[in-house]
There are 2 protein chains.
Amino acid sequence: MLRLTRRAEYGLMAMAFLAGRSESHISVREIGNNLAIPKRLLAEVLKDLARGGLVEGARGPNGGYRLLAEPELLPLGRVVEVLEGPIHVADCADGGSCEHESGCAIQHGMRFVAGRIKQVLDQSTLSDLLESAPAAAPTPPPQRMPV
Amino acid sequence: MLRLTRRAEYGLMAMAFLAGRSESHISVREIGNNLAIPKRLLAEVLKDLARGGLVEGARGPNGGYRLLAEPELLPLGRVVEVLEGPIHVADCADGGSCEHESGCAIQHGMRFVAGRIKQVLDQSTLSDLLESAPAAAPTPPPQRMPV
DNA sequence: TTGAAGAGCATGAGATTAGTGCTAAATTAG
DNA sequence: CTAATTTAGCACTAATCTCATGCTCTTCAA
């Protein structure tokens with residue numbers, strides 16, 4: 001499917017929302033209202049992000065979440081991995097060794113492709129995601145298929 | 001999850017297998033034996049590839065499948081789309097307009113990221129996948145986040 | 001005519017995700 | 001101290017999707 005889960009999507013939206021606000025703590029209720037995300041689910045997502053160390057939760061009135069990471073230094077891949085676990089594009093690419101072995105000639109190529117996909121997420125940061133304006137979007141250096 | 005289905009993985013393996021053989025038609029049985037893929041499922045995958053015009057099936061004894069596309073000109077993304085349908089990285093990126101609207105500032109950024117991921121698949125060809133050797137693996141030109 | 005092989009259709013089992021409910025713990029305000 | 005607010009943690013249901021298989025029909029070569 002090559003698709004992010006909705007959890008990851010919500011998580012990225014929430015992180016971006018937090019990055020764009022200066023208040024120290026923002027509640028799930030407020031984030032959910034602004035982003036039109038089911039609050040109950042958003043709460044789960046933010047809890048996971050807190051467990052992953054990307055945000056910090058504060059309880060009680062005036063509580064909520066705040067970013068711990070700097071948006072400029074936080075790769076999107078990190079957010080995705082916290083919410084979905086390690087990125088695993090294909091068994092052929094990520095499994096220790098290809099179980100289909102002998103006849104399968106694509107293992108090396110698949111690893112390369114999977115690596116490129118991960119790179120896309122690792123080389124874009126949360127602040128890149130926010131800039132609808134120009135600039136940013138780091139471009140990876142040219143790369144050849146390694147031997 | 002950002003993960004290819006097993007169907008896509010099997011499909012790529014099979015396509016690569018066909019590309020590496022010179023015989024005109026190779027049966028599901030032979031492909032399945034070589035790649036250690038459940039034959040019944042592999043048959044479904046190859047049928048879909050045939051419907052998608054990437055391979056051609058021939059019935060009867062000595063029947064089987066053969067590649068229709070040239071490996072050097074066939075992007076991996078094409079194979080994936082035939083087997084999984086259009087690549088859809090995230091609702092936020094591919095949906096017409098972000099349903100979470102107002103507060104969601106990442107739609108533009110997500111589209112860019114999704115586009116980069118699709119590029120990875122569209123810029124690698126079936127022959128690239130096969131070369132565990134050197135060369136190939138085309139490198140996309142530098143790109144900036146468009147306004 | 002027979003056997004090999006793909007084409008088509010349907011279906012069951014399993015895994016994964018989306019979303020919700022409920023309770024406990026912390027913290028602030030009065 | 002009490003009440004209200006908000007996160008933390010756990011469990012669970014329903015829906016969706018994938019994996020895999022079974023069966024029948026059609027085509028075709030020997």
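Residue numbering restarts at 1 for every chain, and letters A, B, ... go by the order of the sequence lines.
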Check: For DNA chain D, what residues of residues 62-71 of chain A have any heavy atom nearer than 4.0 Å?
Finding: A:Gly64, A:Tyr65
Item checked: Selection: residues 51-61 of chain B, any non-hydrogen atom under 4.0 Å of DNA chain D -> B:Arg59, B:Gly60, B:Pro61
Just the rounded figure in Å: distance from [atom2] of [N] to [atom1] of [X].
| X | N | atom1 | atom2 | value |
| --- | --- | --- | --- | --- |
| B:Arg29 | C:dG6 | CZ | C1' | 13 Å |
| A:Asp48 | C:dG19 | CG | P | 15 Å |
| B:Leu83 | D:dC17 | CG | C1' | 16 Å |
| B:His25 | D:dC28 | NE2 | C1' | 12 Å |
| B:Lys39 | C:dA7 | NZ | C1' | 19 Å |
| A:Met1 | D:dT16 | CE | C1' | 10 Å |
| A:Arg3 | C:dT16 | CZ | P | 17 Å |
| B:Glu9 | D:dA20 | CD | C1' | 16 Å |

Notebook entry, point to check: Taking atom types as they are modelled, is there a donor-acceptor pair under 3.5 Å from the base of D:dC10 to the side chain of A:Glu44?
Noted result: yes
Margin query: Does atom CD (B:Glu72) have a neighbourhood of more than 12 heavy atoms from anything else shown, all under 6.0 Å?
Written below: yes
Check: Counting only heavy atoms not in B:Glu70, do more than 12 sit closer than 6.0 Å to its CD atom?
Finding: no
Item checked: Residue mapping more 5' on DNA chain D - nearest nucleotide basis, B:Thr5 or A:Ala50 -> A:Ala50
Notebook entry, point to check: Got B:Leu2 and A:Lys118 here, is their nearest side-chain heavy-atom distance under 4.5 Å?
Noted result: no
Checklist line | A:Lys47 or A:Leu4, whichever maps to the more 5' nucleotide of DNA chain C | finding: A:Leu4
Checklist line | Polar side-chain atom of B:Asp122 near backbone of B:Gln119 as donor-acceptor pair, under 3.5 Å | finding: no
Notebook entry, point to check: So does A:Glu30 pair up with A:Arg21, basic N to acidic O under 4.0 Å?
Noted result: yes
Next item on the list: State plainly whether the residues A:Glu81 and A:Arg78 are in salt-bridge range, i.e. N to O under 4.0 Å.
Entry: no
Check: Applying the side chain to side chain contact (heavy atoms under 4.5 Å, CB included) test to A:Val55, which of A:His25, A:Arg66, A:Met15 qualifies?
Finding: A:Met15
Check: Are OP1 or OP2 of C:dA18 and a side-chain N or O of A:Tyr10 less than 4.0 angstrom apart?
Finding: no
Notebook entry, point to check: What nucleotide among D:dT6, C:dG6, D:dA20 has an atom nearest to a side-chain atom of A:Ser27?
Noted result: D:dT6
Check: Nearest to the side chain of A:Leu41, which nucleotide is it out of D:dT6, C:dA5, C:dT20?
Finding: C:dT20
Margin query: Other members of the hydrophobic cluster containing A:Leu68, with the 4.5 Å side-chain heavy-atom rule, please.
Written below: none
Notebook entry, point to check: Step by step, would you call B:Glu9 with B:Arg6 a salt bridge (Lys or Arg N to Asp or Glu O under 4.0 Å)?
Noted result: CA-CA 5 Å; B:Glu9 198 171 343; B:Arg6 210 157 278 186; 5.3 Å; no
